[in-house]
Trainee: 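Submitted below is the structure of interest, expressed as structure tokens.
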Amino acid sequence: MDDRAYQILFSAFAFVLGATIGSFLNVCIYRLPRDLSVNQPSRSFCPECKQPIPWFRNIPLISWLFLKGRCANCGSKISFRYFGVELLTALLFLAVWKVFPWQMAIAYWVFVSLVIVATFIDFEHFIIPDEITIGGTVAGIVASLIVPALQSADTRLAAVIRSVLAAALGYLTLLFVLEAGKIAFGKKRIRLDGPTPFTWKRHGDDADFVVGPERSLWSEHFARETDRLLLKCDDVNIDGRVHNKVLLEFGYDQLSIEGETFKLDELNDISGTVIELQIPREAMGRGDLKFLACIGAFLGWRSVLFSIFAGSLIGSLVGLTTLLVGKRVWSSKLPFGPYLALGALLWMFFGPAFVDWYLGLLGPR
């Protein structure tokens, strides 16, 4: 077999394998944040009617196009994300195969898969499951043991040490940013345009919190036991008890008002009119810390620093743009994981070129 035929054959294999893996990644993206097993049921099912999908209607890329993005059983629309993830995974698998030696390519296929799952889950649910972050960190260390070139090391021991240290650097760096951000920006005060109706209504183990047109889950506002949410109210009705001109101080599971403390587990409905509120906030979620550790375990310490820089820059530009066009409100969140992921992929493909370019800027002219 000549070299051209070899390249065509294995490139096609990489693309098809990526599309197939992408189909499984869609399963992970749907099931992991819902605490569902990725193994049972073994066959994919329609998110609406829950009908299992037979293999001949679950062919990566082709089935979604052939069925025009609809379930063959109930006709419900199937999100474009399913096709997009399969195509993105196929293209990234092909690009990795083209750029890297085969040993590194296999390791990077694993890394790319983790990055894709983390990105789409974080965009939709604002979490990155431990199966991806902690499991990915372990996978990165094991991959570095098997393929020392991942860490630019000559021995397996050196590669493992570098991988572990890079993972630790990623976690500890963002931990410092998280704690410093909490001290500096851990509270956000919002003065509303005028008296605004609000409601707090129990919803299972959580609650719906609505201020004017903005709706959120109660749990979304509390990352720590010490977090407090304050409402300055004109009036408030707490399960039938009316108070006027009061300040409500909420913890996640309790409410303090005029010297009284109520357990939120014992309340069902709180409503009233608010003129000002103060909400707790975090610089990022702790899943981002573990995700950066995963990135470091696969790509090394320089990727950690680059991913933070690139992710912060891209995330800031996206956040600023959404604010300028009026698409964000005070209660909205911006996931950081997808931008760390993009920074990591940029480093994986273009890291050496970036270093050469930067050193060129610093060199003599």
Side-chain angles (χ1 to χ4, degrees), residues 122 125-127 174-203 206-238 241-264 267 269-289 311-313 315-337 339:
D122 203 14
H125 299 278
F126 300 99
I127 60 171
L174 281 194
L175 179 61
F176 173 79
V177 173
L178 178 68
E179 296 301 328
K182 187 66 174 179
I183 294 172
F185 310 107
K187 301 174 183 178
K188 182 177 182 180
R189 178 172 295 179
I190 301 107
R191 291 182 174 87
L192 301 170
D193 294 335
T196 303
F198 82 92
T199 59
W200 179 98
K201 291 186 178 181
R202 175 164 304 287
H203 179 70
D206 210 331
D208 292 320
F209 182 53
V210 181
V211 178
E214 300 186 34
R215 179 183 299 270
S216 59
L217 284 177
W218 187 243
S219 58
E220 294 176 353
H221 297 284
F222 296 88
R224 312 181 188 215
E225 291 184 2
T226 56
D227 283 340
R228 293 293 179 267
L229 187 150
L230 306 180
L231 295 181
K232 187 176 181 181
C233 299
D234 275 347
D235 59 83
V236 61
N237 186 315
I238 304 174
R241 297 177 58 181
V242 178
H243 302 261
N244 295 303
K245 303 295 183 181
V246 293
L247 178 69
L248 306 185
E249 180 178 337
F250 287 95
Y252 175 70
D253 59 355
Q254 67 179 28
L255 163 63
S256 296
I257 175 174
E258 296 182 328
E260 288 188 83
T261 299
F262 300 88
K263 291 292 184 182
L264 291 181
L267 301 176
D269 182 77
I270 304 170
S271 61
T273 305
V274 59
I275 57 176
E276 183 178 307
L277 65 158
Q278 178 179 290
I279 58 174
R281 60 180 182 177
E282 298 283 336
M284 65 193 72
R286 292 187 178 269
D288 297 322
L289 282 64
S312 299
L313 178 61
S316 297
L317 292 174
V318 171
L320 180 61
T321 301
T322 57
L323 282 173
L324 291 176
V325 299
K327 297 296 184 180
R328 290 185 68 207
V329 290
W330 61 263
S331 63
S332 62
K333 297 188 293 184
L334 189 68
F336 190 39
Y339 306 109

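For clarity, every value in this text was computed on a predicted model and none was experimentally measured.
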Trainee: On a heavy-atom basis, which atom in T273 and which in P195 lie closest, and how many Å separate them?
Mentor: CG2-CB, 3.3 Å
Trainee: Rounded to the nearest 0.5 Å, what separation is found between the CG atom of L178 and the CZ atom of F336?
Mentor: 11.5 Å
Trainee: Under the side chain to side chain contact (heavy atoms under 4.5 Å, CB included) criterion, do V211 and V274 qualify, and how do the steps go?
Mentor: CA-CA 8 Å; V211 178; V274 59; 4.0 Å; yes
Trainee: Answer yes when R286 and E179 have at least one side-chain N-carboxylate O distance shorter than 4.0 Å, and no when they do not.
Mentor: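 Yes, this pair counts.
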Trainee: Hey, could you give me the CG/CZ distance between L264 and R202, rounded to the nearest 0.5 Å?
Mentor: 7.0 Å
Trainee: Check F126 against P335 and note the closest heavy-atom contact, atom names and distance.
Mentor: CE2-CD, 3.5 Å
Trainee: Looking at F262, F209, F198, which one forms a side-chain contact (heavy atoms from CB on, under 4.5 Å) with I270?
Mentor: F198
Trainee: Can we say E220 and R281 salt-bridge, meaning some charged N sits less than 4.0 Å from an Asp/Glu carboxylate O?
Mentor: no
Trainee: How about K232 and Q278: do any of their side-chain heavy atoms sit closer than 4.5 Å?
Mentor: no
Trainee: More than 12 foreign heavy atoms under 6.0 Å from NZ of K182: is that the case here?
Mentor: yes
Trainee: How long is the span from the CG atom in L175 to the CG atom in L289, to the nearest 0.5 Å?
Mentor: 5.5 Å
Trainee: Find out whether P280 and L229 are in side-chain contact, i.e. whether some heavy atom of one side chain is under 4.5 Å from a heavy atom of the other.
Mentor: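 The answer is yes, as the side chains (C-beta and beyond) meet within the 4.5 Å cut-off.
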Trainee: Is it true that the side chains of S271 and N237 contain a donor and an acceptor less than 3.5 Å apart?
Mentor: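 Looking only at side-chain atoms, N237 and S271 do not form any donor-acceptor pair under 3.5 Å.
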Trainee: Could you check whether any side-chain N or O of T196 sits under 3.5 Å from a backbone N or O of G194, counting only pairs where one atom can act as donor and the other as acceptor?
Mentor: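 Looks like yes, one N/O pair under 3.5 Å.
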Trainee: With a 4.5 Å limit on heavy-atom distance, are the side chains of Y339 and L334 in contact?
Mentor: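 Touching, per the 4.5 Å side-chain cut-off.
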Trainee: What are the two closest non-hydrogen atoms of D206 and S219, and how far apart are they?
Mentor: OD2-OG, 2.5 Å
Trainee: Salt-bridged, D227 to K187, with N to O below 4.0 Å?
Mentor: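 Answer for the salt bridge query: no.
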Trainee: Counting C-beta onward and ignoring hydrogens, is there a side-chain heavy-atom pair between H243 and I238 closer than 4.5 Å?
Mentor: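 In short, these two side chains touch, coming nearer than 4.5 Å.
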Trainee: Sequence neighbours excluded, which residues qualify as salt bridge (charged side-chain N to carboxylate O under 4.0 Å, His left out) partners of E258?
Mentor: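 Once residues adjacent in sequence are excluded, E258 has no partner under the salt bridge (charged side-chain N to carboxylate O under 4.0 Å, His left out) criterion.
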Trainee: Can you find a pair of side-chain heavy atoms, one from D208 and one from T199, that are under 4.5 Å apart?
Mentor: no
Trainee: Can you confirm whether more than 12 heavy atoms, excluding those of H125, are under 6.0 Å from its NE2 atom?
Mentor: yes
Trainee: Indicate yes or no: at least one non-hydrogen side-chain atom of E276 is less than 4.5 angstrom from one of L231.
Mentor: no
Trainee: Can you give the donor-acceptor pairs under 3.5 Å from side chains of residues 244-257 to other protein atoms, not counting sequence neighbours?
Mentor:
unit_1 : atom_1 : unit_2 : atom_2 : d
K245   : NZ     : D234   : OD1    : 3.1

